[in-house]
Protein chains: 2
Amino acid sequence: MPKQTFFNLSEEKRQSLIAAAEKEFSRVPLVKASVSNIIKMAGIPRGSFYQYFENIEDLYHYLVDLETQKRKKLFINYLKKHNGDIISAATELYKNFLEEMPDENELNFFKFAMLNVTHRVETSLTNFLVDQMDRKQYDEIISLVDKDLLNITNDDEIFHCINIVTSVALRNFIEKFTKELSDEEAIKNFTVDMNLLKHGLYKSEGEHV
Amino acid sequence: MPKQTFFNLSEEKRQSLIAAAEKEFSRVPLVKASVSNIIKMAGIPRGSFYQYFENIEDLYHYLVDLETQKRKKLFINYLKKHNGDIISAATELYKNFLEEMPDENELNFFKFAMLNVTHRVETSLTNFLVDQMDRKQYDEIISLVDKDLLNITNDDEIFHCINIVTSVALRNFIEKFTKELSDEEAIKNFTVDMNLLKHGLYKSEGEHV
DNA sequence: TTGACAAATGACACATTGTCATCTAATATA
DNA sequence: TATATTAGATGACAATGTGTCATTTGTCAA
């Protein structure tokens with residue numbers, strides 16, 4: 001997390017720093033991003049940067065978290081809309097993710113986050129729902145999920161389901177970027193995966209040949 | 001890939017370089033690893049390093065690939081042993097992975113690979129089966145998989161199944177390290193996930209309440 | 001013996017990071 | 001008003017690292 005001094009900054013200065021950082025992280029993946037570039041763009045002295053953040057990763061993860069928050073809210077909305085059907089909600093979120101990307105910069109930001117998934121980003125993205133910090137939202141989701149739909153024997157397995165869906169979704173998303181799939185292809189692949197998850201990779205006893 | 005010069009080296013020199021590199025990559029994650037340390041340990045001049053490798057990532061991915069090859073062979077063996085049952089094979093591989101780690105160094109090497117999954121490592125690990133480069137093994141796997149077991153409508157979906165299993169497996173593995181789970185807990189979680197994948201996250205029509 | 005070429009070598013230019021001593025400004029206190 | 005206190009701003013700097021390149025070394029064929 002950024003230090004308090006960052007939040008004490010004027011809205012204007014803070015936004016200009018964020019803008020500079022987003023630009024840098026859209027230019028290159030985190031590993032190649034440099035503090036020097038960001039402060040040059042933002043026009044602040046080097047010392048100040050370290051007054052606000054531990055280091056460049058601190059800033060990066062702050063930005064990723066901001067984005068993650070947005071998606072989390074969206075997902076909760078979709079879960080309501082689809083009456084607790086997590087796969088329907090995940091599918092709509094995925095489509096929204098793909099279609100709602102107008103800004104070249106923002107796209108690159110996500111692209112690099114995907115291509116260079118460090119652990120903290122990864123958990124932030126795949127655990128974006130199962131996050132102990134946030135008990136309220138956690139409980140909200142539990143209450144929203146339609147358990148009758150799921151093939152589970154206890155509440156604990158709800159989280160297994162959510163984790164499976166999110167890790168497969170993340171994988172699809174990464175693949176879209178690395179294989180440069182069109183949105184149509186990406187959604188087609190995603191749908192196949194989701195159906196396999198829904199009905200099982202294995203035939204049930206009855207239909208077994 | 002390392003340059004030809006690396007492969008022209010004497011077995012002894014090559015092994016000492018690999019040993020030094022493994023030590024460095026077990027000490028810290030790739031981002032923090034330094035060429036300077038490796039050459040100091042291996043006792044080779046700086047210029048030589050760049051004679052052998054493009055850069056430090058080149059070396060790192062070479063080592064990861066070496067490890068991946070080992071697992072790929074193991075998986076194929078397990079697939080045979082379990083008569084084409086991919087989930088049984090994946091489960092045994094996972095257990096083997098967890099149990100067969102005697103060396104502290106090797107463990108850390110994997111740990112960092114997991115915690116700091118850059119795209120190339122990630123695809124190398126999750127796509128370790130579906131890898132266009134290697135048509136022979138690719139075909140071998142197709143012929144090994146018991147399609148009657150799977151809930152698929154065409155051959156293409158075999159790869160969807162494999163990808164789903166591997167990405168959920170990878171996720172489990174990462175979680176074991178980040179949450180410092182015991183092997184028992186890890187395997188328990190893994191088994192729950194695999195059962196959900198097998199029989200489906202959703203109840204089938206028949207059993208729906 | 002010599003020429004040619006692959007490989008080895010390490011000094012070097014350049015870039016980047018995080019720190020720290022010092023300065024500035026704003027606010028509290030007497 | 002004068003002074004003290006404290007948060008924050010600043011940029012020079014030491015430390016470290018990277019990749020390159022001109023030069024040297026070694027090997028092998030003619």
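Keep in mind that this is a model prediction, so the values were computed, not measured. Reminder, nothing fancy here: chain letters follow the sequence lines and each chain counts from 1.
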Output the rounded distance in Å from [atom1] ([X]) to [atom2] ([N]).
X: A/I39; N: D/dA12; atom1: CD1; atom2: P; answer: 12 Å
X: A/I38; N: C/dT16; atom1: CD1; atom2: P; answer: 12 Å
X: B/L59; N: D/dG19; atom1: CG; atom2: C1'; answer: 15 Å
X: B/Y50; N: D/dA22; atom1: OH; atom2: P; answer: 18 Å
X: B/K40; N: D/dG17; atom1: NZ; atom2: P; answer: 7 Å
X: A/F7; N: D/dG8; atom1: CZ; atom2: P; answer: 13 Å
X: A/F53; N: C/dT19; atom1: CZ; atom2: P; answer: 15 Å

Checklist entry - Does a salt bridge link A/R14 with A/E11, judged by any charged N lying under 4.0 Å from a carboxylate O? => result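 Yes, A/R14 and A/E11 are salt-bridged.
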
Item to check | Under-4.0 Å salt bridge between B/K176 and B/D183 | outcome: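 Looking at B/K176 and B/D183, the cut-off is met.
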
Sub-3.5 Å pairs of nitrogen or oxygen atoms, protein against nucleotides 6-10 of chain C:
residue	atom	partner	partner atom	Å
C/dA7	OP1	B/N8	ND2	2.7
C/dA8	OP1	B/Y52	OH	3.1
C/dA8	OP2	B/Y52	OH	3.4
C/dT9	OP2	B/S48	OG	3.3
C/dG10	N7	B/G47	N	3.2

Checklist entry - With distance as the sole criterion, is a donor-acceptor pair present between the side chains of A/Y52 and A/D58 under 3.5 Å? => result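 The criterion, which ignores hydrogens and geometry beyond distance, is not satisfied for A/D58 and A/Y52.
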
Checklist entry - Does one side chain, of A/N172 or A/D193, offer a donor that lies under 3.5 Å from an acceptor on the other? => result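 The answer is yes; a qualifying pair exists.
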
Checklist entry - Listed by chain and number, what are the side chain to side chain donor-acceptor pair (under 3.5 Å) partners of B/K81, not counting sequence neighbours? => result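 Partners of B/K81 under the side chain to side chain donor-acceptor pair (under 3.5 Å) test: B/E92.
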
Checklist entry - According to the interplanar angle, ranging from 0 to 90°, do the rings of B/F53 and B/F49 count as parallel (below 30°), tilted (30 to 60°) or perpendicular (above 60°)? => result tilted

